[in-house]
Peer 1: 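Here it is, the structure, as C-alpha cells.
Reckoned from all heavy atoms, side chains included, excluding hydrogens, waters and symmetry mates.
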Amino acid sequence: MNEATQLPYFRTAFYCRDRSSVPVVRRFTCKALIDWECEGRAYDVLLCVTELATNALRHGVPPGRGFRVQIFLERMERALRIELHDSGDGEVRAADGWPDVQDEGGRGLLLVSALADKWGVAELNPGKIVWCEFDLG
C-alpha cells in the first residue's frame, strides 16, 4: 500500500468508573506508543492521558457509567491524538493560574496545556470529548 494513502493507526478501549482504571489507561497508551514506535514524547503523553483520565473519573463520568479512550496516530504527519469520551455534563477549562500549593487539585489541565501541542473539548451527546495532540516530529 502506498505510504501516502494509509489510514492512521487507531486504538480504542472502554473503562469503568473506577480509580483503578487510570493505570490501565496508562498501560494501554504506553503499549500503543511502543507498538507504533512513538516513544519520543512518551512521558508527556502518559502524563496528559493520566490527567485526562483522572478528570474524567472525578468530574465527567456519572455513577454507573464509564469512559472511552481513543488514540490516533497520523503516520505521515507524525501527529498523535488522545481523546477521552465521557457521558457527564459540565464545563472543561483550565484554571486561570496555578493553584495554591496547599490545594489538592486544579493542576491537571494546566499540565495538559503546558505539555500537549494542542488540546480542547468537543461536544458529545451525552457528554463531551476532551482531547490533546502531540507533534511527534
Peer 1: I want to check something: taking the side chain as every heavy atom from C-beta on, are L80 and W36 in contact at a cut-off of under 4.5 Å?
Peer 2: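 Yes, close enough: below the 4.5 Å cut-off.
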Peer 1: Indicate the atoms forming the closest heavy-atom contact of A116 with C132, along with that distance.
Peer 2: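 Smallest interatomic distance, heavy atoms only, reads CB-CB, 3.8 Å.
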Peer 1: If you apply the rule side-chain contact (heavy atoms from CB on, under 4.5 Å), what do you find for F134 with C48, and how did you get there?
Peer 2: CA-CA 10 Å; F134 300 87; C48 288; 3.7 Å; yes
Peer 1: Do E133 and R81 have side-chain heavy atoms sitting under 4.5 Å apart?
Peer 2: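 The answer is yes; the side chains approach within 4.5 Å.
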Peer 1: Can you pull out every salt bridge (Lys or Arg N to Asp or Glu O under 4.0 Å) where at least one residue sits in residues 32-46? Sequence neighbours excluded, please.
Peer 2: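 Checked against salt bridge (Lys or Arg N to Asp or Glu O under 4.0 Å) - neighbours excluded - the pairs reaching residues 32-46 are R11-D35, K31-D35, R41-D44, R41-D117.
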Peer 1: Rounded to the nearest 0.5 Å, what separation is found between the CG atom of L111 and the CD atom of E51?
Peer 2: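 So the CG of L111 and the CD of E51 are separated by 5.5 Å.
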Peer 1: Looking at side-chain heavy atoms only, is the closest gap between C16 and R65 below 4.5 Å?
Peer 2: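 In short, these two side chains do not touch, never coming nearer than 4.5 Å.
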Peer 1: Which pair of heavy atoms, one from L84 and one from A56, lies closest together, and at what distance?
Peer 2: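 Minimum heavy-atom contact is CD2-CB, 4.2 Å.
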Peer 1: Can you hop from L47 to I34 via hydrophobic side chains spaced under 4.5 Å?
Peer 2: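 Different clusters: L47 never reaches I34 through Ile, Leu, Val, Met, Phe, Trp or Tyr contacts under 4.5 Å.
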Peer 1: Contact between T29 and V45 at the side-chain level, heavy atoms closer than 4.5 Å - yes or no?
Peer 2: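 Yes, their side chains come closer than 4.5 Å.
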Peer 1: Quick check: does any side chain N or O of T12 sit under 3.5 Å from a backbone N or O of V69, one acting as donor and the other as acceptor?
Peer 2: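 The answer is yes, because a donor-acceptor pair under 3.5 Å joins these two groups.
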Peer 1: Find out if a path of hydrophobic residues (ILVMFWY) with successive side-chain heavy-atom gaps under 4.5 Å connects V24 to I82.
Peer 2: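 Yes, V24 and I82 fall within the same hydrophobic cluster.
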Peer 1: Which pair of non-hydrogen atoms, one from P62 and one from G60, has the smallest distance, and what is that distance?
Peer 2: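 Taking every non-hydrogen atom into account, CD-O, 3.4 Å.
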Peer 1: Does W131 share a hydrophobic cluster with L124, counting links as ILVMFWY side-chain heavy atoms below 4.5 Å and allowing steps through other members?
Peer 2: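 Different hydrophobic clusters.
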Peer 1: Quick one: does L109's side chain get under 4.5 Å of W119's, heavy atoms only?
Peer 2: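 The answer is yes, as the side chains (C-beta and beyond) meet within the 4.5 Å cut-off.
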Peer 1: Thinking salt bridges, do K128 and D86 make one under a 4.0 Å N-O criterion?
Peer 2: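 Salt bridge: yes.
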Peer 1: Would you check if H85 and F67 make a side-chain contact, meaning some heavy-atom pair closer than 4.5 Å?
Peer 2: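 Result no, sub-4.5 Å side-chain heavy-atom pair not found.
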Peer 1: Under a single-linkage definition using a 4.5 Å side-chain heavy-atom cutoff for Ile, Leu, Val, Met, Phe, Trp and Tyr, are L33 and L52 assigned to the same hydrophobic cluster?
Peer 2: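 Yes; L52 is reachable from L33 via cluster members.
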Peer 1: Spell out, as yes or no, whether a donor-acceptor pair under 3.5 Å connects the side chain of R17 to the backbone of G64.
Peer 2: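 Such a contact is absent between R17 side chain and G64 backbone.
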Peer 1: Using the six-membered ring wherever Trp is involved, compare the ring planes of F28 and Y15 and label them parallel, tilted or perpendicular (cut-offs 30° and 60°).
Peer 2: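 Because their plane-to-plane angle is over 60°, the rings of F28 and Y15 count as perpendicular.
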Peer 1: Heavy-atom distance under 4.5 Å between the side chains of L136 and L73, does that happen here?
Peer 2: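 Answer yes - side chains close enough.
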Peer 1: For the CG atom of L110 and the CG atom of L115, what is their distance to the nearest 0.5 Å?
Peer 2: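 Answer for the CG-CG pair, L110 versus L115, is 10.5 Å.
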Peer 1: Just do the side-chain contact (heavy atoms from CB on, under 4.5 Å) check on E74 and Y9 with the steps written out, would you?
Peer 2: CA-CA 7 Å; E74 176 51 58; Y9 288 0; over 6 Å; no
Peer 1: In the structure I gave you, are the side-chain heavy atoms of T50 and V25 within less than 4.5 Å of one another anywhere?
Peer 2: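 The answer is no; the side chains never approach within 4.5 Å.
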Peer 1: Do other residues, nucleotides or ligands put more than 12 heavy atoms under 6.0 Å from the OH atom of Y43?
Peer 2: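 Not buried by this count: 12 neighbours or fewer within 6.0 Å.
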